[in-house]
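To keep things clear, I will list the structure first and then write my remarks on it.
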Protein chains: 2
Amino acid sequence: MSAITKSNNLSIGALSEESGVKIETIRYYERIGIMPAPARRASGHRIYGREQAKRLSFIRRCRELGFSLEEIRTLLSLVDGGEQTCMGVHAIVHTHAASVKEKIRDLQRLASTLDAMAAKCAQGEVPYCPVIEDLFDGANNPSN
Amino acid sequence: MSAITKSNNLSIGALSEESGVKIETIRYYERIGIMPAPARRASGHRIYGREQAKRLSFIRRCRELGFSLEEIRTLLSLVDGGEQTCMGVHAIVHTHAASVKEKIRDLQRLASTLDAMAAKCAQGEVPYCPVIEDLFDGANNPSN
DNA sequence: ATAGTTTCTGTAGTGGCTACAGATTCAAGA
DNA sequence: TCTTGAATCTGTAGCCACTACAGAAACTAT
């Protein structure tokens, strides 16, 4: 909205605030080569332009979607190299979506096991707990 | 089942095999104090007994349920201190279950966003991708 | 001039392992 | 007994994606 915050010469602090990415993280991204080294003032302070601000926001959105920095690197290299196709992007998105869904299934299994445990456990204030017993004696092991 | 594998003097390798926890991880658990330092042979090789084997299996099961080592440490200190109550255990299990469920919700939101992205993307083999556009131009930002 | 904020570089810590390197020790066969 | 190969030992460094410092320099405002 405000024209001021969309200035063309951003300090790292301004960029941080605008993008929601912490200063240290921005420098980290530069160090690992996922953000390009920006121009510098005579003093050595970094200055960023619109281009870089967009790139950083792209990275942040991808991170929020759970993409790894390696995946993001690949995505960005497609863009940078101009070899970007829907096919390539789709493959990455699809693979990532599949792994997210797998993780959901894992966690759902976990959650129901934990609920079952908690249900057993809630009953008493006695100094012996069936949950601990189960975990110690191998509740998941049919041979016991 | 076999009496042999349930021997009383386990080498670290035997313990590893029995518990399904890698040798390096067992040593790591010892280093961080979640497993007690075992007896040693004259040569310095570690020897474990039933007690420790049970403890390690307990830890492994807890890890499979997604408990952090800190949570496990707390659980174990309740057991070790004899202060174990259903209440205390229940609190830990319940808190953990809640955070698992929260993570599930997060991931479900992610998954549907990713699906929506993939759906847009699957269409063409052209060198411009709507997904990349969205991510670059701030699809989630209503002010754009 | 001075105070307070921002930025700079470099390094180390987080969790939960995992992977080495290089030295010893063990177990089994000839 | 000797030898070979497997197991174990210690210690350190790497993984991911940051985060948190320390100490110095440079900005901004009064």
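Letters A, B, ... mirror the listed sequences (proteins, then strands); counts begin at 1.
Residues Tyr28(A) and Leu15(A) are members of one and the same hydrophobic cluster, defined by side-chain heavy-atom contacts under 4.5 angstrom among Ile, Leu, Val, Met, Phe, Trp and Tyr.
Residues passing the side-chain hydrogen bond (donor to acceptor under 3.5 Å, both in side chains) test with Arg109(A) are Asp106(A), sequence neighbours excluded. In this structure Glu51(A) satisfies the side chain to side chain contact (heavy atoms under 4.5 Å, CB included) test with no other residue, sequence neighbours excluded.
The side chain of Arg40(B) sits closest to dC9(D) out of dC8(C), dC9(D), dC26(C). Comparing dT25(C), dC18(D), dC17(C) by their nearest atom to the side chain of Arg31(A) picks out dC18(D). Side-chain atoms of Arg63(A) lie closest to dA17(D) of the nucleotides dA26(D), dC9(D), dA17(D).
Going from atom CG of Leu15(A) over to atom P of dC8(C) covers 11 Å, rounded to whole Å. The distance from atom OH of Tyr48(B) to atom C1' of dT8(D) is 11 Å, rounded to the nearest whole Å. A straight line from CD1 of Ile26(B) to C1' of dT18(C) spans 14 Å, rounded to a whole angstrom. Nucleotide dC18(D) holds its P atom 10 Å from the CD1 atom of Ile59(A), rounded to whole Å. dT10(D) atom P lies 13 Å from atom CZ of Arg41(B), rounded to whole Å. We find that CE of Met35(A) is positioned 13 Å from P of dC18(D), with the value rounded to whole Å. Protein atom CG of Asn9(B) is 14 Å distant from nucleotide atom P of dT8(D), rounded to whole Å. The nearest whole Å value for the distance from the CD1 atom in Ile47(A) to the P atom in dA26(D) is 16 Å.
Not a single donor-acceptor pair under 3.5 Å links the side chain of Ser16(B) to the backbone N or O of Ile12(B). Arg60(A) places no side-chain N or O within 3.5 Å of a backbone atom of Gly20(A) that could act as its donor or acceptor partner. A donor-acceptor contact shorter than 3.5 Å links the side chain of His96(A) to the backbone of Leu65(A).
With respect to the salt-bridge test (charged N to carboxylate O, under 4.0 angstrom), the residues Glu102(B) and Arg105(B) do not qualify. Under 4.0 Å is where a charged nitrogen must lie from a carboxylate oxygen, and between Arg27(A) and Glu24(A) no such pair does. Between Glu18(A) and Arg50(A), at least one side-chain N (NZ, or NE/NH1/NH2) sits under 4.0 Å from a carboxylate O, which counts as a salt bridge.
For the OP1/OP2 pair of dG16(C) and a distance below 4.0 Å, the side-chain nitrogens and oxygens of Tyr29(B) include no atom meeting the criterion. Between Ser43(B) and dC26(C), a side-chain N or O to OP1/OP2 separation shorter than 4.0 Å is present. At the phosphate of dA17(D), neither OP1 nor OP2 sits under 4.0 Å from any side-chain N or O atom of Thr25(A).
Interface residues of residues 66-73 of chain B facing DNA chain C, ordered by number: Ser68(B), Leu69(B); criterion, heavy-atom separation under 4.0 Å.
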* To do: May I have the step-by-step check of side chain to side chain contact (heavy atoms under 4.5 Å, CB included) for Val100(A) and Gln108(B), ending in yes or no?
  => CA-CA 8 Å; Val100(A) 169; Gln108(B) 276 168 342; over 6 Å; no
Set out, line by line, the N/O atom pairs under 3.5 Å between protein and nucleotides 4-7 of chain D.
none

All N/O contacts under 3.5 Å from nucleotides 19-23 of chain C to the protein, with atom names and distances to one decimal?
none

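Note on residues 35-48 of chain B: pairs passing salt bridge (Lys or Arg N to Asp or Glu O under 4.0 Å), not counting sequence neighbours, are Glu30(B)-Arg40(B), Glu30(B)-Arg46(B).
Looking at Leu78(A) and Ile92(A), their side chains come closer than 4.5 Å, going by heavy atoms from C-beta outward.
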